[in-house]
Structures are given as structure tokens and as C-alpha cells.
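Take a look at the structure set out below.
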There are 2 protein chains.
Amino acid sequence: MARHRDGQDNGTSVSGNEESNRRAELVRVAGRLFRENGYEATPVRDIAAAAGMRSGSPFYHFKSKQDLLKAVMAEGLNKALQELTEAVAGKPSAIEAFRAIVRTHLAIILEPGADFVPVLLYEWRSLACDGRAEIVAIKDRYEAVWQDVLRDLKREGLIRDDSPIGRLFVFGALNWVARWYCPHGSLSIDAIADRAVEFFIGPPNRR
Amino acid sequence: MARHRDGQDNGTSVSGNEESNRRAELVRVAGRLFRENGYEATPVRDIAAAAGMRSGSPFYHFKSKQDLLKAVMAEGLNKALQELTEAVAGKPSAIEAFRAIVRTHLAIILEPGADFVPVLLYEWRSLACDGRAEIVAIKDRYEAVWQDVLRDLKREGLIRDDSPIGRLFVFGALNWVARWYCPHGSLSIDAIADRAVEFFIGPPNRR
DNA sequence: CCTACCGATCGGTAGG
DNA sequence: CCTACCGATCGGTAGG
């Protein structure tokens, strides 16, 4: 018999509310553990324990560990896309839009508790091929937002290269911050964002 | 009894030549498998099989899987440091030195068979704390070479930011290439290096 | 969602 | 370096 709920449940139904809360909690703690220890090094038992369950119970909500990984990535990326879209909406200039997406992107990958996108970035290899297309589709939309902003920056002469490769260089520089950022260090996320903006388009007096 | 050889053996002795060949082969195939599948997802049995051994034999050369991982990282980084140092030696200008380290660094992380440094970059978390100090010491020297070149670039007004954070942005952009580079694609490693140099310091006619 | 469990796999070892 | 093996762990399931 089918003992696990469909992975598409997003918790909007009234009758499934408590159940979807448990599911959401599993996604949350799985994201944290996958980020801290990696997918392969995280036993489902540990995820269950962190969510206050017994070892077999996550399989009531997800049919496999792979499905749980996919849920972490998909839900995190969807939320990130939404935040990014809101961040650029209505910005008066390309530079303002750029500052906004840099800040938002860094917040998405650095803020405490924001483990979903880092899992996507650093555990991609652990996602089986079957599940990748769905994630890639969202990622393409995320990258399209970046491409539009970079295109506008180039039009105003603030960057030299708005090609996909230029975007990947910017992406790399920003995503790499997750490797060296220290939450308790002297550099705040906003400070790093300012440094990054300055690094890519020059100091304010040049603009 | 001690059945495995010391991890410091570098194969220079005559009597241990064949044995060190087997050891080197283990490091090589372990690097490839760790890169392709990740440390946690790679059984020692698979490494043994890829080296033409039976499942328990790697433990004759390494006392643990962790030690094998450390050997992959240490040997790869030492070789990379040597290549980087040779690449910048005697370069007539800062820009030539920059071009050289960008090319060399990209070759180190992208060339087929060059799996060691990518393992260091993407499996760092899997290295137990005990083994990290040794690797960090080499990494510091590697980064010092970069810092010197960036300092010279700044002196000539070719980059704006030669601080450690600026170096990390450059590092991130380059290291991220390992995520999207396609060995059989239309962009060669040298072509990517040229694009990167141009991205960071501008087109030739600006210099 | 829990209890109890299974089959498979894994790192590592004894002895040769 | 091989053979043979062990103890531990893991993803997942049956039945409730």
C-alpha cells in the first residue's frame, strides 16, 4: 500500500495541516543536515531524530531519501526565485537592481537557516538524474533574472561582459562566499554584498 | 602488526619502487572516483577494483580511507603549488603573471585526469579535522602566490581590489568553472582563461 | 507515525 | 597483496 504522501503536497489543505507541518519540518532539518554533513553522510535516522521522529517515520512523508533531497532543493529554489523576483521588481536603475540581487542572493546562501540553496549548489551530484529536470527548470528562471539585470548593466556601460560566461563568473564569485563566510565574523552579509558590487562595477564615484 | 606503509612514502627509494607505484595508482584512481562520486559515495572496494586489487588491499598502503583522502589532497595541492610557482616565475609584467596563474589554475582544476585539487575544493568537508592543518599550510602558500600577483596588478592600476576578499572573488569565479565546464564543449580551457582575464582586468586595448 | 526487522553494504582486520 | 570475515550501519518495509 502507499504509505507515504505525494511529494507535491504544499500544505495548503486544511485537513492535512498537521501532517504537512511535519513534512515541512523534515524538509527543514534535512536541509540543515545535508548542508552540514552532506547528503551521503547524513543517515535518514538522524533526520528523523532531529525532527523528533523514529527512524522509519520519514518514509511516511517521502518515499525515499532521494525524494527528500529533491524536496529540499525544489522548495528552496522556488522560494529563492520568488525572493529574487521581488527584489528586482520596480528598481529604478540597473545598478539598484544589481545591488538588490547581489544582496538577495548572498542572503539566500548565507543567512542562518537558509540551507536549501547551498544544498542545491553543493549536493547537486547526489541528486539522481530522474529528479534533475524539475530543478533545472526553476534554475533557468533564476538565471534569467540575473541575465536581464546584467544586460541592463552592460547597456549603461557598468560592466564589460553580460554574456552567459560573464554571468557564471559573477555567480561563481558570489556562490564561493558560502565557502569562506563566517557568520560570527566581522563581515556582515550586507558588507560583503557592497564589496562584491564594488568589485564588479567599480566605486560609487565612477558610476 | 603494522601492515600498511607510512603515508609519507613518496616513491623515491629504489627498493620500494613497485610498492610505491601501487600506492600512486591508488591515489590516482581514488582522486578520480572521489571527484566523480564524492568521498562518502565511493566505497574503498571500488577504489581497489579500479586499481586492480581486492577489497582489503588498499589498507596495506593506507591505514584508513581518510588517509587516502588526505594523500589525494596533499599530493595534488603540492603539485599544484609547484606548477603555479613555475608559471609566475620570471614573468615580465603583472599582467603576464596574472594570465599565467589564471591559465595554470584553470588547467589544474579542469584538465582531464587532474582530479586532486577539485577533490580538495569539493570534498573538504569530508576530511576529518585532524588532517586539515597539513593541507591548510600548503593552501596558504598557494594563496600567497595569488596575493602577490594581485598586489602587482593593483599597483599598475589594472584591478581595483587586491584585498583578500578581492582574491576570494577571483578564486570563486575561477573555481566555479569546474561546475559548468564541459570537456567536450566548444570552449577550451585557454579560451576560458582569456575570457576570465578580460573579465577581471578589461580588454587588451584598455591596458 | 511507531515497532521491529531485513537485506545489503561498508570500513576495516587477522592471518597468511 | 589475497582470502575470508566481522561488526556496524544504512535505506527501506510490513504491519499495526
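In what follows, every chain begins at residue 1, and chains take the letters A, B, ... in the order their sequences are listed. Heavy atoms only: backbone and side chains are in, while hydrogens, waters and symmetry mates are out.
- Using a 4.0 Å cut-off between charged side-chain N and carboxylate O, A:K79 and A:E75 make no salt bridge.
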Original post:
Please walk me through it: do A:K70 and A:D67 pass salt bridge (charged side-chain N to carboxylate O under 4.0 Å, His left out)?
Top reply: CA-CA 5 Å; A:K70 201 170 87 172; A:D67 259 42; 5.3 Å; no
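- Between the P atom of C:dC1 and the CD atom of A:E25 lies a distance of 10 Å, rounded to the nearest Å.
- Secondary structure note: stems in DNA chain D built from 3 or more consecutive Watson-Crick or G-U wobble pairs under 3.5 Å occupy C:1-16 with D:1-16.
- For B:E198 and A:R160, the salt-bridge test fails: no basic side-chain N is under 4.0 Å from an acidic carboxylate O.
- Geometrically, A:K65 engages A:Y39 in a cation-pi contact defined by less than 6.0 Å to the ring centre and at most 45° from the axis.
- In this structure, B:D161 does not pair ionically with B:K154, as no charged nitrogen and carboxylate oxygen lie closer than 4.0 Å.
- Counting non-hydrogen atoms of other residues, nucleotides and ligands closer than 6.0 Å to CZ of A:R54 gives a total of 12 or fewer.
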**OP:** Heavy atoms under 4.0 Å is the rule here; annotate nucleotides 5-12 of chain C 5' to 3' with B where the base is hit, S where only the sugar-phosphate is, and - elsewhere.
**Re:** B----BBB
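- Rounding to whole angstrom units, CZ of residue B:R54 and P of D:dT3 are separated by 4 Å.
- More than 12 heavy-atom neighbours from other residues, nucleotides or ligands sit within 6.0 angstrom of CZ on B:R151.
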Enumerate, atom names and distances included, each donor-acceptor pair closer than 3.5 Å involving a side-chain atom of residues 176-185 of chain B, sequence neighbours excluded.
from	atom 1	to	atom 2	distance (Å)
B:R179	NH1	A:L121	O	2.5
B:R179	NH2	A:L121	O	3.3

